[in-house]
Amino acid sequence: MFDPKLLRTAEGLEMVRGNLARRGVVLDVARCSHLEQRRKKLQVEADELRNRRNTKSKAIGKTKASGQDIQPLLEEVAGLKSDLEKNESELGEVQTELESLLLGLPNLLHESVPDGSDEDDNLELRRWGQIRDFDFEPRDHVELGLLDFEAGAKLSGARFVVMRGDVARLHRALIQYMLNMHVEEHGYTEVYAPYLVGPRALQGTGQLPKFREDLFAVKGDKELYLIPTAEVPITNLVAGKLLEASDLPIKMAAHTPCFRSEAGAHGKDTRGMIRQHQFEKVELVHIVRAEDSHDALEQLTGHAEIVLQRLGLPYRVMALCSGDVGAAAARTYDLEVWMPGQSGTQDGGGSPVKGRYREISSCSNCTDYQARRMGARYRPEAGKKQTVPVHTLNGSGVAAGRCLIAILENYQQADGGVLVPDVLRSYMGSDRIPAAEACVG
RNA sequence: GGAGAGGUGGCGGAGUGGUUGAACGCACCGGUCUUGAAAACCGGCAAGGUCGAGAGACCUUCGAGGGUUCGAAUCCCUCCCUCUCCGCCA
């Protein structure tokens, strides 16, 4: 959530309303200011009542100690009790309502975010790499026959896959390669964390209360959810902490599976391995000082880009528009990798073109939004009292499943085999994945 | 699964109904000393909120939530978590 104090002044409210409107979110200004006024009035009254009660109770203690009669004081204080109870229950209601309203609102957008309503309005910032010119018709990763979607479906239904042999190994190699790079070269601490988390963690990063339907919940006596991204357990490692400025930045990298219900994506990307209920990802998380977060986003995005560069995969960097930035983020860069086998029509012209850029990493600056929700703060100046929320960032570095199919499609050979990118050969022990049986001839 | 112990400030750790928001130590900040640093010594130091120009005043918070009481870190109940021992087990 953003700073609740912003809802306490007319200027603040107007600023918030205007900012949220860019996302297409309508803020009920009247309701906010009404709730806020009630909150203030009730809170001041409650404080006053408690003050009187406390003062009298202390007097009782003293009077009793000096051996005098406390009966008159007891009578005085009796009346306060019911007033206070009534006031407190009302205040509780108002606070609960305000809090749930606040928890349901997205982060404020950074001024640099381009206006737009959906992904079509995202702004391309730059491209890297040379798109390969095929001397044969490139297949998509499904046609290469190296992935067993039927087996996945047999076990678990749609949007699951089974990999075997060289492909399974390539997938694992990718993960090892990425994680090693970030730890050894980019200064991240490797973290292993739970794949099942409770509701508090999910509220901290922003998936709850609003996006429950995107999650897989586990049946059992505990309320647990499969993580949709390592961002959830990793970022929440600083939940409830008061850090020193000298502790920051904290940079963590983790490889985890991710589980997503894809509830809102029926019929979308049903072919192939693009959109799965379960996929692997190497996630990068930064916990930084407030003034550093915009630089950190550039750095984090750069770390994800290097992965694609070393793998020789062409990509472009997109600045997400106001309608496409996720709820927790103030600003997001997506990395989209070139997939020559995907059908697309995006290169103008009208006639279908083979090949398409697909999201492979999403790097976000969540500013203080998650930090406030999870109570993660730091002291800007050692020895001083002031504390402020940390800024949190996360990004995929990168999604392993999509990266795998990008390699399959970009490095495919005429015979249906796939060349292994140079940097992965030592992990693979070979430079080539042979064509699947069905593809040969 | 059985038996027991415990959750207190940034950290460690006292505190069992009333001027205790909480001793003490560490860390941190300021100062003295020193050519400089360290050590030593002196002083300061919980967070969140409301009001206030400010000094400051007040409220809340001792795992979470209820309860008892004029008054709860302290007593009672429920839940969560941690630790120790035994059993079981990857």
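Quick note: numbers below take in every heavy atom, side chains included, and nothing from hydrogens, waters or symmetry partners. Proteins get letters first, then strands, A, B, ... in listed order; numbering begins at 1 in each.
At whole-Å resolution of the value, CG in A:L49 and P in B:G71 are 13 Å apart.
Of the candidate nucleotides B:G10, B:G49, B:G18, B:G10 has the atom lying nearest to any side-chain atom of A:R379.
With a cut-off of 3.5 Å on both pairing distances, B:U19 has no Watson-Crick or G-U wobble partner at all. Using the Watson-Crick or G-U wobble rule with both distances under 3.5 Å, B:G6 pairs with B:C81. The nucleotide B:C28 finds its pairing partner in B:G44, both defining distances of the Watson-Crick or G-U wobble pair being shorter than 3.5 Å. The nucleotide B:A53 finds no pairing partner, because no Watson-Crick or G-U wobble arrangement with both distances shorter than 3.5 Å includes it. Nucleotide B:U74: unpaired (no Watson-Crick or G-U wobble partner with both distances less than 3.5 Å).
Comparing the C1' positions of B:G9 and B:U61 gives an interatomic distance of 11 Å, to the nearest angstrom. Annotation: B:C75 and B:U16 have their P atoms spaced 9 Å apart (nearest Å). Annotation: B:G7 and B:A14 have their P atoms spaced 8 Å apart (nearest Å). Taking atom C1' on both B:C85 and B:A27, the two are 35 Å apart, rounded to the nearest angstrom.
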Walk me through whether A:Q71 and A:L74 qualify under side-chain contact (heavy atoms from CB on, under 4.5 Å). CA-CA 5 Å; A:Q71 198 53 41; A:L74 288 179; 3.9 Å; yes
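For the ring-ring contact (aromatic ring centres under 6.0 Å, His included) test, no residue two or more places apart in sequence or in another chain qualifies with A:Y369. Legend: residues meeting ring-ring contact (aromatic ring centres under 6.0 Å, His included) with A:H277, ordered by chain and number and at least two apart, are A:F160, A:F216. Residues that satisfy the ring-ring contact (aromatic ring centres under 6.0 Å, His included) test with A:H110, not counting sequence neighbours, are A:H294.
Using a 4.0 Å heavy-atom cutoff across all strands shown, A:K41 reaches no nucleic acid atom at all. Among the atoms of the strands shown, only primed sugar atoms or phosphate atoms (P, OP1, OP2) are found under 4.0 Å from some heavy atom of A:L242. Across all strands shown, A:K385 has heavy atoms under 4.0 Å from sugar-phosphate atoms exclusively, and none from any base.
Close to B:G48, at under 4.0 Å from its OP1 or OP2, lies a side-chain N or O of A:T387. Look at A:N54 and you'll find a side-chain N or O under 4.0 angstrom from OP1 or OP2 of B:C59.
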Write out a two-atom table: protein N or O, nucleotide N or O from nucleotides 19-30 of chain B, distance below 3.5 Å.
from	atom 1	to	atom 2	distance (Å)
B:C28	O2'	A:G383	N	3.1

Atom pairs under 3.5 Å, N or O on each side, protein against nucleotides 88-90 of chain B: can you list them with distances?
none

Below 3.5 Å, can you tabulate the donor-acceptor pairs from side chains in residues 249-256 of chain A to any protein atom, sequence neighbours excluded?
from	atom 1	to	atom 2	distance (Å)
A:K251	NZ	A:H186	O	2.8
A:H255	NE2	A:E280	OE1	2.6

